[in-house]
Amino acid sequence: VPGIKDLPVASKKLLEESGCDIVMALGMPGSAAIDKQCAHEASTGLIRAQLMTNKHIIEVFVFEDEAPSDKELARLADARTREHAQNVYKLLNNRLSEEAGKGKREGFADVKPVDF
Amino acid sequence: VPGIKDLPVASKKLLEESGCDIVMALGMPGSAAIDKQCAHEASTGLIRAQLMTNKHIIEVFVFEDEAPSDKELARLADARTREHAQNVYKLLNNRLSEEAGKGKREGFADVKPVDF
Amino acid sequence: VPGIKDLPVASKKLLEESGCDIVMALGMPGSAAIDKQCAHEASTGLIRAQLMTNKHIIEVFVFEDEAPSDKELARLADARTREHAQNVYKLLNNRLSEEAGKGKREGFADVKPVDF
Amino acid sequence: VPGIKDLPVASKKLLEESGCDIVMALGMPGSAAIDKQCAHEASTGLIRAQLMTNKHIIEVFVFEDEAPSDKELARLADARTREHAQNVYKLLNNRLSEEAGKGKREGFADVKPVDF
Amino acid sequence: VPGIKDLPVASKKLLEESGCDIVMALGMPGSAAIDKQCAHEASTGLIRAQLMTNKHIIEVFVFEDEAPSDKELARLADARTREHAQNVYKLLNNRLSEEAGKGKREGFADVKPVDF
């Protein structure tokens, strides 16, 4: 699609017209204020699309300012996408609940879970 | 679910596909601006999911910056969840109206109700 | 309800399941940034609930920082609620249109209408 | 209606229950931050109401801080409303497309169109 | 239409009542804070309209402060519209996926894709 704001309807069409059970929506928003605004609008639309279809859309956004260099940005995008792809697999097989509350992070190192 | 933005559709599926009457949606958003943005998108989606189903989803979010230490954060999350669980019980039994306007807070000490 | 974000679905249920023609949604949001965010999410949900039902929900929110003392806050909440209750009565009887543009304020003194 | 946040459902009821083809929604939001927030919520609701009905609602908001004096504010509100009323007439008669891109402004002087 | 906030319902009517398969929504928001707020409301509405119709609406907004002069602004608006028109053509013919992740920008020079 041309930009991230086109992801919601594109994802919904994949779910409703192309027989997909789940969609990964990948986007790399820029670092300007307007880009963050667009990402917010896209995220809101992706949630709405999920509620209209009762299916998951896994948003995988990597902001250009999340990493200090192009090389690190590429590593982050690659890692985050791979780890979310594992989430997709687990969601489809109902195996994600055992990881809730473990502080798992996609693309960066996991954080330590809060100790109860 | 992978993150808090996946809570709205997951909650709606529990209400519509798994026969639940009410859902508690627990999440612990980080302290960065993007995390607060995600929490806003998730909250908006949770409200929309409730309006689409005519059922309550009790949002139990604990922000990482609501407490000064991990220990206090764990206490807060535990207390807030337990007190909201009591709200859920009362909501299902229509017994919450008598507590309206009493300044009840979940996780922190109650505030004094405004005196009329 | 536990908090103001639970008002939209609670109001919609009153309109659709309990036979109400109109609902007053009372809330007293705190003064922190997160409280104002919650109020925004609640307001947006209340408007959506109205559009889904074609019935009015009169939002009566009194922010904790709208008055300098608890005593004045109580007076404000009391006055605003009473004046909105009159609005509800007039709305149900189609008698509100004659007051449009008069600078009416609920809880505070009316402002002078702009002179044409 | 009591306030601008009541405009969306009131407009939708005019379109769906009173047989209107188009609605002008007039409001004069105050100049405080909370007033601008309310205007945002109202605008979002008006757009949603239009999408639910496939009919236009012409929002005519005049912010109290758009003019330096009450006299100028009255002139602005009067002019903007009259010019939007002409837009309504043209919309109903499919005659607005010829004015697209001309820099037309309602209430203030038109801006010069960008020269291609 | 009178302003950019009228674009969502106008686009939806083109898709549903005039038999269009895709719509380009062109707008030139001003540079004031209220203009950016309007653009946000319009964008959110355009995404909602797409989700309600399962068809694409390509938003082509050019902000008045995106270019330092009227001449450059005209060039930008012209270029962005032409390049989005090509996107429309490719979307209708399912030929856009091969350009994903290439850093394509409409109106400005493309950015270098991140190297994996």
Side-chain angles (χ1 to χ4, degrees), chain B residues 11-12 15 22-25 29 31 33 35-37 39-63 65-66 80 83-91 94-97 99-108 111-116, chain C residues 1-18 24-53 57 60 62-67 69-82:
Chain B
S11 301
K12 183 160 177 278
L15 292 173
I22 193 165
V23 168
M24 291 180 69
S31 56
D35 299 320
K36 292 180 194 292
Q37 182 66 44
H40 167 52
E41 291 157 3
S43 293
T44 303
L46 287 171
I47 292 174
R48 188 178 293 122
Q50 291 171 271
L51 292 175
M52 291 168 87
T53 57
N54 269 13
K55 293 182 183 176
H56 282 282
I57 301 171
I58 304 299
E59 179 195 294
V60 188
F61 282 0
V62 180
F63 287 79
D65 55 4
E66 276 192 276
R80 186 170 291 164
E83 296 185 33
H84 268 307
Q86 294 181 323
N87 284 336
V88 163
Y89 177 80
K90 291 171 189 164
L91 261 180
N94 291 314
R95 281 170 44 188
L96 205 58
S97 57
E99 295 187 10
K102 301 299 187 200
K104 299 278 182 187
R105 291 295 175 274
E106 290 79 11
F108 287 122
V111 298
K112 204 169 61 69
V114 173
D115 197 23
F116 282 85
Chain C
V1 294
I4 55 172
K5 289 199 280 193
D6 307 295
L7 285 172
V9 74
S11 301
K12 183 160 177 278
K13 284 164 70 74
L14 285 172
L15 292 173
E16 292 188 334
E17 299 175 0
S18 304
M24 291 180 69
L26 283 74
M28 191 176 283
S31 55
I34 183 69
D35 299 319
K36 292 181 192 293
Q37 182 67 43
C38 287
H40 167 52
E41 291 157 3
S43 293
T44 303
L46 288 172
I47 292 174
R48 187 179 292 123
Q50 291 171 271
L51 292 175
M52 291 168 88
T53 57
I57 301 171
V60 188
V62 180
F63 287 80
E64 280 182 17
D65 56 3
E66 276 193 276
S69 69
D70 265 21
K71 187 176 171 191
E72 171 59 13
L73 195 61
R75 191 210 62 77
L76 176 61
D78 183 79
R80 186 170 290 164
T81 305
R82 290 182 189 278

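Here the structure is a predicted model, which is why all the values come from computation and not from measurement. In what follows, every chain begins at residue 1, and chains take the letters A, B, ... in the order their sequences are listed.
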Peer 1: Distance from Asp6(C) atom CG to Leu91(B) atom CG, nearest 0.5 Å?
Peer 2: 7.0 Å
Peer 1: Quick check for you: to the nearest 0.5 Å, what is the distance between Glu16(C) atom CD and Asn54(B) atom CG?
Peer 2: 5.0 Å
Peer 1: To the nearest 0.5 Å, what is the distance between CD (Glu41(C)) and CD (Glu41(B))?
Peer 2: 10.0 Å
Peer 1: Do you know which of Ile47(B), Leu46(B), Leu51(B) has the most heavy-atom pairs under 4.5 Å to chain C?
Peer 2: Leu51(B)
Peer 1: Using non-hydrogen atoms only, which part of Arg48(B) is less than 4.5 Å away from chain C: side chain, backbone, both, or neither?
Peer 2: both
Peer 1: State the CD1-NZ distance between Ile58(B) and Lys5(C), to the nearest 0.5 angstrom.
Peer 2: 11.0 Å
Peer 1: Is there side-chain contact between Pro8(C) and Gln50(B), with heavy atoms separated by less than 4.5 Å?
Peer 2: no
Peer 1: Does anything in residues 29-40 of chain C reach chain B? List residues with heavy atoms under 4.5 Å apart, or say none.
Peer 2: Ile34(C), Gln37(C), His40(C)
Peer 1: Counting only non-hydrogen atoms closer than 4.5 Å, does Glu106(B) touch chain C with its backbone (N, CA, C, O), its side chain (CB onward), both, or neither?
Peer 2: side chain
